[in-house]
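Following: one structure in structure tokens, then a few remarks.
FYI, the numbering just counts along the sequence from 1. We count ligands from 1, going down the list as the structure has it; atoms in each ligand are counted the same way.
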Amino acid sequence: MKAKQWVLKKQFQGNPKSSDVGIKEISLPNLKDGEVMIECLAISVDPYQRLFVKNAKPGDVMYGEQVAKVIESKNADYPVGAHVTTFAGWTTHAVVPGDKLVKVPEYPPDVPIGLALGLLGMTGLTAYYGLLKVGELKEGETVYVNAAAGAVGTVVGQLAKLKGCKVIGSAGSDDKVKYLKTELGFDEAFNYKTIPDMPTFEQTLKRLAPKGIDVFFENVGGLAFRAVLDQMNVDGRVALCGAISSYNSTDKFTPSIPSIGEPMTMKGLRITGFTGWAYSAKDKNNDGLKEMIKWVQEDKLKYPGHNFKGFENCFKAFLSLFTGDNIGKVLVTI
Ligand SMILES: NC(=O)c1ccc[n+]([C@@H]2O[C@H](COP(=O)([O-])OP(=O)(O)OC[C@H]3O[C@@H](n4cnc5c(N)ncnc54)[C@H](OP(=O)(O)O)[C@@H]3O)[C@@H](O)[C@H]2O)c1
């Protein structure tokens, strides 16, 4: 069996370029006991892959998770036809040992299997654990989330509404702002690209959250991080999920966040970095996933997605995360 793979040709310098990657074809080995051969159904492209490339070398397969179908098996737990998720990378087919596979649970009818990579996968659960466990969100509180129209942000906003909270989101276009308010029920939303400076950013938040912010779900980083802290209430929590604005930076020592000591100390704020993976691993009973599936069954969560069709579009899909073309989870269906 032949497989196509996206491989790194050259380390990214600044913004990733199409000349940094390429597609190669390989022959897969025969199966050993315990292994299965999978055929990819959809590949997840995610901002963290930009970070992982910093530790990759030319020739490495682009890292990432996919949902796949077992097409050959020497593992009784994963018979032919089983649906699995696995971190096989950007590859059309792969030989994978059973301990690197996760079974996709039975979804309610009409729920697409791609959700195993989005709302019911890493991104959705990152929103769930980040908001409810790290952010310790309580009913009636006010949440601010940036990159609000993206894979994680769209879930954060909807969960905040489910928990009876006020939610404010920022995103990079008027269309996204409209979507957040009319389709996802955000109480307030604004286009950060139309805000000329940080004092105006602060005034905007003050106007939209007159009672202050209790939980800041941080996806973006940069100067605005400091501006948000001044709008937070005493005992506020920052769930530091990501900092996409810095991922293509070539200088990690250039300060982009001014001193945060004053609001942190005076308001007793807590900033907690976290990964969805770490919290998922601790959730031995999969309570988070079970609750999310229940909400999908009850029609309480929408799952906007931005689908690219065809394996050859993986890199294009990846770049869209940095140009902000997407609403919801970006997937490549094969
Ligand atoms: N901690 C974890 O376990 C975990 C898991 C998943 C994701 N994350 C993090 O969560 C964040 C969102 O990830 P996602 O998968 O949901 O991606 P996403 O939000 O679907 O896509 C990325 C979005 O970020 C915004 N963006 C891109 N470059 C930007 C820049 N320079 N300045 C401001 N905004 C920019 C764009 O939206 P706009 O139109 O709003 O600019 C873009 O649509 C990322 O920081 C990611 O690393 C963390």
CE (Met1) and CD1 (Ile26) are apart, to the nearest 0.5 Å, by 11.5 Å
Indicate, with yes or no, if the rings of Tyr192 and Phe201 have centres closer together than 6.0 Å. no
Transitive ILVMFWY cluster of Val96, excluding itself - 4.5 Å side-chain cut-off: Val36, Ile38, Val70, Tyr78, Val84, Leu101
What are the atom names and distances for all N or O pairs under 3.5 Å between ligand 1 and the protein?
residue  : atom   : partner : partner atom : Å
ligand 1 : 1 (N)  : Cys241  : O            : 2.9
ligand 1 : 1 (N)  : Phe274  : O            : 2.9
ligand 1 : 3 (O)  : Gly276  : N            : 2.7
ligand 1 : 10 (O) : Asn219  : OD1          : 3.3
ligand 1 : 16 (O) : Ala151  : N            : 3.3
ligand 1 : 16 (O) : Val152  : N            : 2.8
ligand 1 : 20 (O) : Ala151  : N            : 2.8
ligand 1 : 20 (O) : Asn326  : ND2          : 2.8
ligand 1 : 34 (N) : Tyr192  : OH           : 3.2
ligand 1 : 37 (O) : Lys176  : NZ           : 3.4
ligand 1 : 39 (O) : Gly172  : N            : 3.1
ligand 1 : 39 (O) : Lys176  : NZ           : 2.6
ligand 1 : 40 (O) : Gly172  : N            : 3.0
ligand 1 : 41 (O) : Tyr192  : OH           : 2.4
ligand 1 : 43 (O) : Lys176  : NZ           : 3.4
ligand 1 : 43 (O) : Asn326  : OD1          : 2.6
ligand 1 : 45 (O) : Asn219  : O            : 2.7
ligand 1 : 45 (O) : Ala243  : N            : 3.4
ligand 1 : 45 (O) : Tyr247  : OH           : 3.3
ligand 1 : 47 (O) : Tyr247  : OH           : 2.7

Tyr179 ring centre to Lys176 NZ or CZ under 6.0 Å, with the angle to the axis within 45°?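 Here Lys176 fails the 6.0 Å and 45° test against Tyr179.
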SB check Asp230 Lys206 (cutoff 4.0 Å): no
Output, in order, the C-alpha distance, side-chain angles, deciding distance and verdict of ring-ring contact (aromatic ring centres under 6.0 Å, His included) for Phe308 and Phe318. CA-CA 10 Å; Phe308 287 76; Phe318 176 63; over 10 Å; no
